[in-house]
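Inspection log for the structure reproduced underneath, given as structure tokens.
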There are 2 protein chains.
Amino acid sequence: MVKTSLDAIDRKILKYLIKNARMPFLEIARECGISGAAIHQRIRKLDEAGVILGSRLIVDPKMMGFDVCAHISITLKDPQLLKKTVEELRKVPEIVECHFITGNGNILVKLYCVDNEHLMRTIFDGILRIQGIATTETNISLQEVFQREVNIDFIEE
Amino acid sequence: MVKTSLDAIDRKILKYLIKNARMPFLEIARECGISGAAIHQRIRKLDEAGVILGSRLIVDPKMMGFDVCAHISITLKDPQLLKKTVEELRKVPEIVECHFITGNGNILVKLYCVDNEHLMRTIFDGILRIQGIATTETNISLQEVFQREVNIDFIEE
DNA sequence: GCTGAAAACCAAACAAG
DNA sequence: CTTGTTTGGTTTTCAGC
């Protein structure tokens with residue numbers, strides 16, 4: 001996992017696209033004071049280097065009918081089963097994030113469900129049936145107050 | 001927070017753009033079998049309805065120099081200070097997510113830091129100095145195994 | 001709500017410095 | 001690493017259905 005050195009223009013390009021993935025390259029070019037072709041090549045390079053992972057439309061989960069957001073901390077029966085368990089968790093469509101963590105539990109997942117009944121089914125039929133999972137601890141998110149991308153401004157190199 | 005009724009085409013449009021925010025509208029149009037102008041109008045409507053919140057380039061935090069990811073559960077001195085505390089948390093650039101939660105603590109934040117020393121400074125100088133915060137409990141994410149947008153396929157209306 | 005067409009605009013690739 | 005140019009595709013708007 002090698003770090004690429006990003007110069008000021010790279011960071012400026014990323015900053016704009018992090019806020020709006022559909023911002024035209026030519027508009028970025030005008031903001032940065034270089035040609036569109038240069039922006040295009042820099043973005044391609046950032047993509048190939050793995051700095052850029054993709055782009056996403058951000059939708060309001062509530063508007064899509066997902067009224068329940070929760071974090072679940074999962075404790076494994078056996079640490080050996082980590083990789084296999086993750087592969088099973090990946091198949092649970094409600095889960096949007098998965099971390100290996102320190103502290104209480106071994107895995108932390110974030111998920112969205114339609115309602116509490118759906119959450120219950122997801123926990124009991126989706127998560128607890130996975131071999132290797134011993135216990136879960138669920139924390140409901142009453143409100144997702146804000147969500148944003150990592151701010152790259154305060155790395156001044 | 002009224003739910004808009006999304007038909008099959010709306011969901012198809014969103015599904016494509018959630019995977020790739022820069023997918024050309026005309027390509028979506030071809031996949032959906034309707035004109036580009038219709039796609040354009042539907043997306044504008046979804047935007048105005050608040051279903052679409054924006055779009056983001058997804059960057060690898062590690063590549064940007066953020067080697068440490070953590071979740072911090074925050075307990076307030078006084079529940080009255082909730083709103084004010086959130087406004088202060090919003091000013092901490094390292095924080096990318098903020099929830100009101102049930103269970104252990106009142107607020108859960110997710111953040112990225114450059115290293116453990118930076119995390120320590122963020123907790124002590126950034127978070128614990130905020131009026132109204134009593135205690136914090138930090139959970140380091142050893143690895144962010146995956147991260148994706150909510151899968152809208154399993155809502156079949 | 002959709003369409004097709006027009007005008008303005010953009011992405012991508014190129015040779016060249 | 002940059003630029004200007006070119007080609008084909010795209011966005012956006014609008015009248016009309």
Side-chain angles (χ1 to χ4, degrees), chain A residues 1-60 62-65 149 152-153 155-157, chain B residues 1-60 62-65 149 152-153 155-157:
Chain A
M1 201 68 75
V2 181
K3 259 158 229 154
T4 323
S5 55
L6 309 175
D7 66 11
I9 294 180
D10 286 330
R11 287 204 299 274
K12 205 164 179 181
I13 294 170
L14 292 174
K15 203 184 81 181
Y16 284 120
L17 288 174
I18 283 171
K19 276 193 289 201
N20 173 16
R22 285 192 81 91
M23 183 167 177
F25 294 176
L26 284 178
E27 206 176 321
I28 299 170
R30 286 188 290 268
E31 294 285 343
C32 293
I34 59 175
S35 73
I39 299 290
H40 188 257
Q41 286 172 40
R42 277 170 177 267
I43 290 175
R44 193 167 47 77
K45 202 166 288 183
L46 289 168
D47 205 354
E48 285 165 0
V51 176
I52 295 174
L53 299 176
S55 66
R56 283 203 208 118
L57 197 74
I58 309 300
V59 298
D60 185 342
K62 281 205 167 37
M63 287 287 189
M64 303 297 305
E149 264 288 310
I152 66 176
D153 276 345
I155 292 201
E156 289 303 331
E157 171 129 19
Chain B
M1 200 69 76
V2 182
K3 258 158 228 152
T4 323
S5 55
L6 309 175
D7 66 10
I9 295 180
D10 286 330
R11 287 205 299 276
K12 205 165 180 181
I13 293 171
L14 292 173
K15 202 183 82 180
Y16 284 120
L17 289 174
I18 282 171
K19 277 194 288 201
N20 172 18
R22 286 191 79 94
M23 183 167 177
F25 294 175
L26 282 179
E27 206 176 322
I28 298 170
R30 286 188 289 267
E31 294 285 342
C32 292
I34 59 175
S35 72
I39 299 290
H40 187 257
Q41 288 168 34
R42 277 171 177 268
I43 289 175
R44 192 167 47 77
K45 200 166 290 183
L46 290 168
D47 205 354
E48 285 164 0
V51 176
I52 294 174
L53 300 176
S55 65
R56 286 204 205 117
L57 196 75
I58 309 301
V59 298
D60 186 341
K62 282 206 167 35
M63 287 287 188
M64 303 297 305
E149 264 287 310
I152 66 176
D153 276 346
I155 292 202
E156 288 303 330
E157 171 135 21

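To find a chain, count down the sequence lines: A is the first, B the second, and so on, and within it residues start at 1.
- The nearest whole Å value for the distance from the CD1 atom in B:I43 to the P atom in D:dT12 is 9 Å.
- A:I9 CD1 to A:I34 CD1: the interatomic distance, rounded to the nearest 0.5 Å, is 4.5 Å.
- A:G50 and B:D60 get closest at one heavy-atom pair: O-CB, 3.6 Å.
- The CG atom of A:L17 lies 11.0 Å from the NZ atom of A:K19; values are rounded to the nearest 0.5 Å.
- Closest heavy-atom contact between A:I13 and A:C32: CG1-SG, 4.4 Å.
- Contact annotation: the side chain of A:K15 never approaches that of A:R11 to less than 4.5 Å [non-hydrogen atoms, C-beta and beyond].
- Between A:L46 and A:L6 the shortest side-chain heavy-atom distance falls below 4.5 Å.
- In the set D:dT3, C:dC2, D:dC1, the nucleotide with an atom closest to the side chain of A:S35 is D:dT3.
- The CD1 atom of A:I9 sits 13 Å away from the C1' atom of D:dT3 (whole-angstrom rounding).
- If you take CD1 of B:I39 and P of D:dT12, they are 13 Å apart, rounded to a whole angstrom.
- With values rounded to the nearest 0.5 angstrom, B:M63 atom CE is found 11.5 Å from A:I52 atom CD1.
- Across its full length, the helix from C:dG1-D:dC17 to C:dG17-D:dC1 shows an angle of 30° between the axes of its 5 terminal pairs at either end, rounded to 10 degrees.
- Atoms CZ (A:R42) and C1' (C:dA13) sit 19 Å apart, rounded to a whole Å.
- Rounding to the nearest 0.5 Å places CD1 of B:I58 at 11.0 Å from CG of B:N20.
- The salt bridge (charged side-chain N to carboxylate O under 4.0 Å, His left out) test with A:D7 singles out one residue from A:R42, A:K12, A:K45, and that residue is A:R42.
- At a threshold of 4.0 angstrom between heavy atoms, the contacts of A:R44 with the nucleic acid are absent.
- Here the side chain of B:R22 pairs a donor or acceptor atom with the backbone of A:M23 at under 3.5 angstrom.
- Out of D:dC1, D:dT3, C:dC2, the shortest distance to the side chain of A:I34 is found at D:dT3.
- One atom, CD1 of B:I13, and another, C1' of C:dC2, lie 13 Å apart when rounded to the nearest Å.
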Nucleotide N/O of nucleotides 15-17 of chain D paired with protein N/O under 3.5 Å:
none

Could you list, one pair per line, each protein nitrogen or oxygen that sits under 3.5 Å from a nitrogen or oxygen of nucleotides 8-11 of chain D, together with the distance?
| unit_1 | atom_1 | unit_2 | atom_2 | d |
| --- | --- | --- | --- | --- |
| D:dT11 | OP1 | A:R22 | NH2 | 2.9 |
| D:dT11 | OP1 | B:F25 | N | 3.2 |
| D:dT11 | OP2 | B:F25 | N | 2.9 |
| D:dT11 | OP2 | B:L26 | N | 3.3 |

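- The minimum heavy-atom distance linking A:F25 with A:I43 is given by the pair CE2-CD1, 3.7 Å.
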